[in-house]
Participant: 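The following block contains the structure, expressed as structure tokens.
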Amino acid sequence: MNLNLAVISGDGIGPEVVREARKVLDRIAEKYGHEIHYTDLLMGGASIDIHGVPLTDETIEIAKSSDAVLMGSIGGNAATSPWYKLPADRRPEAGLLKLRKSLGLFANLRPAILYKELQDACPLRKDISDKGFDMMIMRELTGGLYFGARETKEVDGVMTAIDTLTYNENEIRRIAKRAFDIAGKRRKKVCSVDKANVLDSSRLWRKVVEEVAKEYPEIELTHMLVDNCAMQLVKDPAQFDVILTENMFGDILSDEASMVTGSIGMLASASLNDSKFGLYEPSGGSAPDIAGQNIANPIATILSAAMMLRYSFDLDKEANAIEQAVSQVLAEGYRTGDIMSEGCRRVGTTEMGDLIAERV
Ligand code: IPM
Ligand code: MG
């Protein structure tokens with residue numbers, strides 16, 4: 001198969017972790033007889049430095065014409081980087097939001113899995129982590145507070161900032177369908193998370209999700225308020241299969257879920273549109289404080305590449321090979337610093353990539 005990939009390495013640890021994911025993909029291509037063509041694109045701070053804007057129209061066009069986008073991370077240290085002296089719509093993050101919107105990537109899949117081997121890195125009590133967990137957070141990615149009208153102005157002499165949270169029923173329905181489809185291939189449970197005791201948008205969310213549920217009688221639907229969900233994620237994460245939620249709640253809950261797996265450096269993600277096209281990136285940020293030191297964990301990016309093979313190319317065998325290689329390397333006791341525990345062998349970013357590529 002020919003895979004035409006756009007690659008956005010980005011800022012901070014982005015280039016380091018993407019390099020390792022490419023290494024693993026190249027190994028897959030060699031072993032299974034695929035041709036991968038990479039086109040490197042600039043986004044975020046790296047694009048601001050060259051073009052003055054975090055995302056150019058040309059970059060959007062090239063990304064659109066590719067089969068899938070592999071991404072590292074974008075952004076820098078907000079306190080020290082000159083990128084954050086720019087107006088909000090020209091900072092690195094604005095590039096990512098514009099790309100998600102331009103490519104119609106409304107469905108963000110963030111799996112949070114506790115690897116048996118990483119139980120020691122899990123911050124939860126042992127009786128909780130003993131049960132393990134394997135959940136998929138389905139975050140709506142192109143609506144809600146992130147894309148509603150916003151404004152800062154003086155109202156009656158008082159500085160006032162307004163952000164609007166809008167969802168229409170079509171936006172809710174399409175992400176709900178995706179969540180139910182995915183639950184059908186898993187443990188057949190969807191927990192829809194909202195704040196329906198306060199927000200109108202959540203009450204509409206709940207109504208539409210219930211309508212969609214009627215088309216999926218084999219799937220069990222429950223609802224949970226977002227504050228309770230934040231608590232349940234540390235109290236009993238094993239209860240969750242698919243968590244379906246809106247953009248901002250999903251942003252927050254997925255960081256929380258990732259940390260209970262041991263490290264945000266383990267959390268992959270896929271952002272999909274209504275076709276096979278997707279953007280694949282680790283859920284974590286650019287970690288500028290550790291950039292360039294060869295200590296970042298590349299596993300989240302490598303697992304994102306596996307998701308790409310599965311969701312954009314239907315290459316399940318190849319995706320499984322990557323996931324198994326990751327498990328194997330962890331079982332053999334190799335760890336980057338973020339997931340290090342006693343008796344394990346500490347390795348750097350490149351060595352971790354080498355090990356996983358070899359096991360493939
Ligand atoms: C994420 C990130 C982004 C988001 C930022 C960088 C805009 O936190 O992908 O979770 O909030 O969506
Ligand atoms: Mg986030």
Side-chain angles (χ1 to χ4, degrees), residues 8-15 17-18 21 42-48 53-55 63 69-79 81 83-84 86-112 135-148 150 163-165 167 171 175 193 226 229-230 233 243-261 263-273 278-289 291 296-297 300-301 303-304 307-308:
I8 299 173
S9 294
D11 310 317
I13 59 170
V17 293
V18 165
L42 293 176
M43 192 172 79
S47 172
I48 296 174
V53 289
L55 179 69
V69 183
L70 178 67
M71 203 189 118
S73 50
I74 49 122
N77 183 326
S81 163
W83 301 329
Y84 294 89
L86 297 166
D89 62 345
R90 283 180 41 208
R91 292 180 197 161
E93 287 73 10
L96 179 58
L97 298 185
K98 187 171 175 189
L99 189 67
R100 286 174 179 167
K101 194 74 171 177
S102 314
L103 301 176
L105 306 173
F106 66 88
N108 184 215
L109 283 60
R110 297 190 162 181
M135 70 184 96
M136 177 70 88
I137 298 185
M138 294 281 303
R139 168 188 176 194
E140 200 292 328
L141 201 60
T142 52
L145 277 171
Y146 279 69
F147 294 95
R150 62 180 108 256
D163 295 285
T164 42
L165 201 181
Y167 271 107
E171 291 169 318
I175 185 75
V193 173
V226 62
C229 182
L233 277 172
I243 291 179
L244 163 64
T245 194
E246 64 93 48
N247 203 345
M248 175 69 105
F249 297 160
D251 180 43
I252 299 167
L253 294 176
S254 61
D255 263 31
E256 188 189 355
S258 74
M259 198 55 226
V260 297
T261 69
S263 168
I264 195 161
M266 296 294 301
L267 202 69
S269 90
S271 306
L272 309 174
N273 68 9
L279 178 147
Y280 300 85
E281 57 170 326
S283 290
S286 59
D289 51 322
N297 185 348
T301 316
L303 291 173
S304 301
M307 290 185 89
M308 176 179 83

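Counting starts at 1 for both ligands and their atoms, following the listed order. Values in this document were obtained by computation on a predicted structure and should not be read as measured data.
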Participant: Can you tell me which residue and heavy atom of the protein come closest to atom 5 (C) of ligand 1, and the distance to 0.1 Å?
Facilitator: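 Nearest neighbour among protein heavy atoms for atom 5 (C) of ligand 1, to 0.1 Å: Glu93 CG, 4.3 Å.
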Participant: When you measure from the Mg ion (ligand 2) to each N, O or S atom of Asp251, which atom gives the shortest distance?
Facilitator: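 Sorting the N, O and S atoms of Asp251 by distance to the Mg ion (ligand 2) puts OD1 first.
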Participant: Under 4.0 Å from any heavy atom of Arg139, which atoms of ligand 1 are there?
Facilitator: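 The atoms of ligand 1 under 4.0 Å from a heavy atom of Arg139 are 1 (C), 4 (C), 9 (O), 10 (O), 11 (O), 12 (O).
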Participant: Under 4.0 Å from ligand 1, counting heavy atoms only, is it the side chain of Met71, its backbone, both or neither?
Facilitator: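 Neither part.
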Participant: For atom 4 (C) of ligand 1, grab the closest protein heavy atom and report residue, atom and distance to one decimal in Å.
Facilitator: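 Of the protein heavy atoms, Tyr146 OH, 3.5 Å lies nearest.
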Participant: Between Arg110 and ligand 1, is there a nitrogen or oxygen pair with a distance under 3.5 Å?
Facilitator: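 So ligand 1 has an N or O lying under 3.5 Å from an N or O of Arg110.
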Participant: Main chain of Leu105, side chain of Thr142: is a donor-acceptor contact present, judged purely on distance under 3.5 Å?
Facilitator: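 A pair under 3.5 Å: no.
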Participant: Donor-acceptor pair, distance only, cut-off 3.5 Å: does the side chain of Arg139 make one with the backbone of Ile252?
Facilitator: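 Checked: no pair found.
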Participant: Between Tyr84 and Glu93, is there a side-chain donor-acceptor contact under 3.5 Å, judged purely by atom types and distance?
Facilitator: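 Yes, because at least one side-chain N or O of Glu93 sits under 3.5 Å from a partner of the opposite role on Tyr84.
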Participant: Among protein heavy atoms, which sits nearest to atom 10 (O) of ligand 1, and what does the distance come to when rounded to 0.1 Å?
Facilitator: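 Among all protein heavy atoms, the one nearest atom 10 (O) of ligand 1 is Asp251 OD1, 2.9 Å.
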Participant: Any heavy-atom pair between the side chains of Asn247 and Leu141 that's under 4.5 Å?
Facilitator: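 In contact.
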Participant: Between Thr245 (side chain) and Val193 (backbone), is there a donor-acceptor pair under 3.5 Å?
Facilitator: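 Side chain of Thr245 to backbone of Val193, a donor-acceptor pair under 3.5 Å: yes, one is there.
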Participant: If we ignore hydrogens and angles and just use 3.5 Å, is the side chain of Ser9 paired with the main-chain N or O of Pro15 as donor and acceptor?
Facilitator: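 It does not hold such a pair.
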Participant: Geometry only, no angles: is Arg100 polar-contacting ligand 1 at N/O separations under 3.5 Å?
Facilitator: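 Yes; at least one N/O pair falls below 3.5 Å.
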